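Quick notes on the structure that follows.
Nothing here was measured: the structure is a model prediction, and the numbers come from that model.
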There are 2 protein chains.
Amino acid sequence: MEIIEATQLFSALSQESRLATVKHLIRIGPRGAPAGDVAKALDVPAPTMSFHLKELERAGLIHARREGRKIIYAADYGGLRELIDFLLADCCGGDKRLCGPYVILKESA
Amino acid sequence: MEIIEATQLFSALSQESRLATVKHLIRIGPRGAPAGDVAKALDVPAPTMSFHLKELERAGLIHARREGRKIIYAADYGGLRELIDFLLADCCGGDKRLCGPYVILKESA
DNA sequence: TTGATATTTCCATATATATGGAATTATGGA
DNA sequence: TCCATAATTCCATATATATGGAAATATCAA
């Protein structure tokens, strides 16, 4: 992953509501949740939530689909894996002091 | 790790020069490098580099020590490990879709 | 159509971050 | 002391990000 792409991922996760959103959507699983439900769960006004959801989507950490009049957001596991892969492989270069307790069993996607 | 602490780590890594600095200092190893050398290596003016090094130090990703008239910066492996741990454990909660290829061999620090 | 619901876009405002030249502080050597 | 080196702080400026009310858009149901 290019360093510039990585900074965009980090930037997306550098805001409290957004990090909480990602955490929330991972917990919910692939089925996801409508924007309004996420806003309620995090106690954030709708326009603010909409802004943050767009940011996360732009970074490739979540994705959206329409279902009737609801827009369902769900975690994008690919984008999240890329970030973890970047930290463990690209950035840290398999350094034992960083990756010590983690072992890569197979090549990452 | 608290979600607010994690956003501070992500924020520190959300800037190109800073992420490159961390990568550079990890490569160099625990001995570290003086501020001026890092600035030259990344082709960044001294005051700008100083600003970014402070940000990284504040986040706990690097640390500084004086050696004569030089100030030596080195990667803080603890801070970096916390971030990886947060992503794999706290945030993703051991979700197979995210942690799939990684295995935690022992409890993290 | 009309109305209710779901979400987004618009936009003014506030706050935070990044940049780098000039001046300042700190250290060591002659 | 005087000079050169190393790094920081100061500060003006530029840019980016966050916030949320009001208005606009989209969908469905009666």
(request) Quick one: label A:A46 by what it contacts on the DNA or RNA (base, sugar-phosphate, nothing), any heavy atom closer than 4.0 Å. (result)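 Base, at least one base heavy atom under 4.0 Å.
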
(request) Using a heavy-atom cut-off of under 4.0 Å over every strand shown, decide if A:P45 touches base, sugar-phosphate, or nothing. (result)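 It contacts sugar-phosphate atoms only.
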
Under-4.0 Å side-chain N/O to phosphate OP1/OP2 contact, [X] with [N]:
X	N	result
A:S50	C:dT8	yes
B:R69	C:dT25	no
A:H52	D:dT17	no
B:K54	D:dT9	yes
B:R66	D:dA7	no
A:Q15	C:dA16	no
A:Y73	C:dT8	yes

(message) Less than 4.0 angstrom from a charged side-chain N to a carboxylate O is my criterion; do B:E55 and B:R58 meet it?
(response)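 Yes.
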
(message) Strictly below 4.0 Å, N to O, side chains only: are A:E16 and A:R18 in salt-bridge contact?
(response)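 Salt bridge flag = no for A:R18 with A:E16.
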
(request) Return the minimal non-hydrogen interatomic distance between A:M1 and A:E82, and the atom names on each side. (result)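 For A:M1 versus A:E82, the nearest heavy atoms are CE-O, 3.1 Å.
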
(message) Rounded to whole Å, please give me the gap between CZ in A:R58 and C1' in D:dT17.
(response)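 Taking CZ of A:R58 and C1' of D:dT17, I get 10 Å after rounding.
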
(message) Could you tell me how far apart B:F51 (CZ) and C:dG21 (P) are, to the nearest whole angstrom?
(response)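 Atom-to-atom, B:F51 to C:dG21, this comes out as 16 Å.
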
(request) Is it possible for you to say whether B:I72 and B:I26 belong to one hydrophobic cluster, with membership spreading through side-chain heavy-atom contacts below 4.5 Å? (result)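 No, it is not one cluster - the side chains of B:I72 and B:I26 are not joined through contacts under 4.5 Å.
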
(request) Please tell me which of the listed nucleotides, D:dT19, C:dA18, D:dT8, lies nearest to the side chain of B:P47? (result)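 Looking only at side-chain atoms, B:P47 lies closest to D:dT8.
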
(message) Using the side-chain heavy atoms of A:R18, tell me which of these nucleotides is nearest: D:dA6, D:dA18, D:dA22.
(response)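 Comparing D:dA6, D:dA18, D:dA22 against the side chain of A:R18, the answer is D:dA18.
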
